[in-house]
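The basis for the numbers below is simple: all heavy atoms, side chains too, and nothing from hydrogens, waters or symmetry mates. Order of the sequence lines sets the chain letters (A, B, ...), proteins ahead of strands, with each chain counted from 1. Predicted model only: the values in this text are computed from it and were never measured.
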There are 2 protein chains.
Amino acid sequence: MSSVIDESLLEGGEGSRGEILDAAAEAFMRKGFAAASIDDVADILGCTKGRIYHHYRSKADLFFDVHRRGMAMDLQAVRSCMAEERAPLDQLFEMAVAHLMVVMSQIAYQRVAVQGLEMHLAGQTTPEQRKTLRAILTMRDEYEGLFAGEIERARAAGAIPEQDVHLVVKAFMGALNWTTIWYRQRRNQSQAERRRIAEEIARFALRGLGGPPAPAAAPAAGGKA
Amino acid sequence: MSSVIDESLLEGGEGSRGEILDAAAEAFMRKGFAAASIDDVADILGCTKGRIYHHYRSKADLFFDVHRRGMAMDLQAVRSCMAEERAPLDQLFEMAVAHLMVVMSQIAYQRVAVQGLEMHLAGQTTPEQRKTLRAILTMRDEYEGLFAGEIERARAAGAIPEQDVHLVVKAFMGALNWTTIWYRQRRNQSQAERRRIAEEIARFALRGLGGPPAPAAAPAAGGKA
DNA sequence: TGCATCCAACGTACTGCGTAGTATGTTTCT
DNA sequence: AGAAACATACTACGCAGTACGTTGGATGCA
């Protein structure tokens, strides 16, 4: 792992940079990269541009850091649930739920990460920024590869029908990631309610692969409705 | 020009406005609404802003028209395949394939339509524009309602398990619409190849609903099990 | 047929504003 | 004293929108 990833990506919203990242994620989520201004971010923080430009050299660099932190959240959550040995389809279910829980609890960062996907920034970036962008997209490819790998394992094990893995992983991720588009966090929405949503979406995605009709719930959770 | 949906929405790229719409869809797809300039659109056409502002009062109005035309494409394709009477799951499969074929053949318009979903444009729109925006979003809700209705029919007929229809329709549309994110049209990509992709994605989405494992051949007619 | 008129469909040239980025104070902590 | 962590004040520029000029084709009329 030639890590571009260091621990600073996982530190919480504490610290000045963490607060800036949170505010930037919020602003970019609301208006998008191009429409959101640095002053918007500063307003959320109740400060001025000076503070932001003291920590980040440009708006693009700030965006990259938000994007990267969003990806780091995904990676950490999914990797941690890949520690245990499970059958591929059970593993995929856990990964999907973990991903969805991150999406719903960190909707701002996750929407920014999706924005980064659609954005080309062609021409309007410096060579150094393009290098950073490539690194982030590689990070995302690796992330999608974690899911693709498990799907491939399931296919090789005969747990799901023969199919174009490169294609269905897109549909799989789509079913999950579309959550960033429609989901709105409600006040007083319990963790349990979020988990119900996550499991329902994850079940949909798992069934989409064509496995056994009734994917069992997690052994620890034990939630047969 | 404050008419709602008329036949002009379905006219092809011919005509001056049609050309402008095509160019605008291209520009908005490449850079997004905020980053794309009217001059970008003009450059694609090889003309100047004058031509565009002669036909559209503002950038937002132009965007709305592209969005609306994208939705009209979807509606026409899906409605036309709803003419025949089919079992709900068969109907859904045809609808999904039709939707995906439109997405792949009109990727620019479809990506703009997705952009419109994420965009709030809060505050920076006139009351009249907000009214137009509401109309378009209503159009999209109705479109999603076509799919939700068929899913509900399938559920009521016992063809798929009991589940939260409002939730799974999001996952369903996500599996389909995510195509706007990852799909790139290849040169020399045959219609048959596109159909193969569409059917593979559609199968995934159909299986996600939890219907019969094999592509619907078994008679699902009859009351609840 | 020839000509004048009118207007749609642009092109040209310009303005005003929002915003990214910078240069330079000012404060607090070590 | 020095530097990190900001705030303040400013500039440069891109872009949406506008005012106005230009052209070509349709129409009316002698």
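B:H54 has a side-chain polar atom (N or O) that falls below the 4.0 Å cut-off from OP1 or OP2 of C:dA9. An OP1 or OP2 oxygen of D:dC6 is reached within less than 4.0 angstrom by a side-chain nitrogen or oxygen of A:H55. Side-chain nitrogen and oxygen atoms of A:S16 include at least one within less than 4.0 Å of the OP1 or OP2 phosphate oxygen of D:dC6.
If you take CG of A:L62 and C1' of C:dT19, they are 15 Å apart, rounded to a whole angstrom. A straight line from CZ of B:R51 to C1' of D:dT23 spans 15 Å, rounded to a whole angstrom. Rounded to an integer number of Å, the gap from B:D39 CG to D:dC13 C1' is 14 Å. Rounded to an integer number of Å, the gap from OH of A:Y56 to P of C:dT22 is 17 Å. Note: CZ (A:R17) to C1' (D:dC6) measures 14 Å, nearest angstrom. In this structure, CZ of A:F33 is placed 12 Å from C1' of C:dT19, rounded to the nearest angstrom.
Judged by the 6.0 Å distance and 45° axis criteria, A:R111 is not positioned over the aromatic ring of A:Y183.
Comment: B:R30 does not engage B:D40 in a salt bridge, judged by the lack of any side-chain N to carboxylate O separation of less than 4.0 angstrom.
At the heavy-atom level, B:A36 lies under 4.0 Å from the strands shown only through sugar-phosphate atoms. Counting non-hydrogen atoms under 4.0 angstrom, B:S37 reaches the backbone sugars and phosphates but no base. Across all strands, B:A42 comes closer than 4.0 Å to no nucleic acid atom at all (heavy-atom distances).
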What protein N or O atoms touch nucleotides 17-20 of chain D N or O atoms at under 3.5 angstrom, if any, and at what distances?
from   : atom 1 : to    : atom 2 : distance (Å)
D:dG17 : OP2    : B:Y53 : OH     : 3.2
D:dG17 : OP2    : B:K59 : N      : 3.0
D:dG17 : N7     : B:K49 : NZ     : 3.1
D:dG17 : O6     : B:K49 : NZ     : 2.8

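Between the side chains of A:Q129 and A:S58, a donor-acceptor pair is found at a separation under 3.5 Å. Donor-acceptor pairing under 3.5 Å is lacking for the side chains of A:R194 and A:S105.
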Output a table of donor-acceptor pairs, distance under 3.5 Å, between side-chain atoms of residues 131-142 of chain B and any protein atom two or more places apart or on a different chain; print 'none' if there are none.
from   : atom 1 : to     : atom 2 : distance (Å)
B:T132 : OG1    : B:E128 : O      : 3.1
B:T138 : OG1    : B:R134 : O      : 2.8

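Among A:Q185, A:R184, A:E26, the one residue that satisfies the side chain to side chain contact (heavy atoms under 4.5 Å, CB included) test with A:I107 is A:Q185.
If you look at B:H99 and B:Y143, their ring centroids are closer than 6.0 Å.
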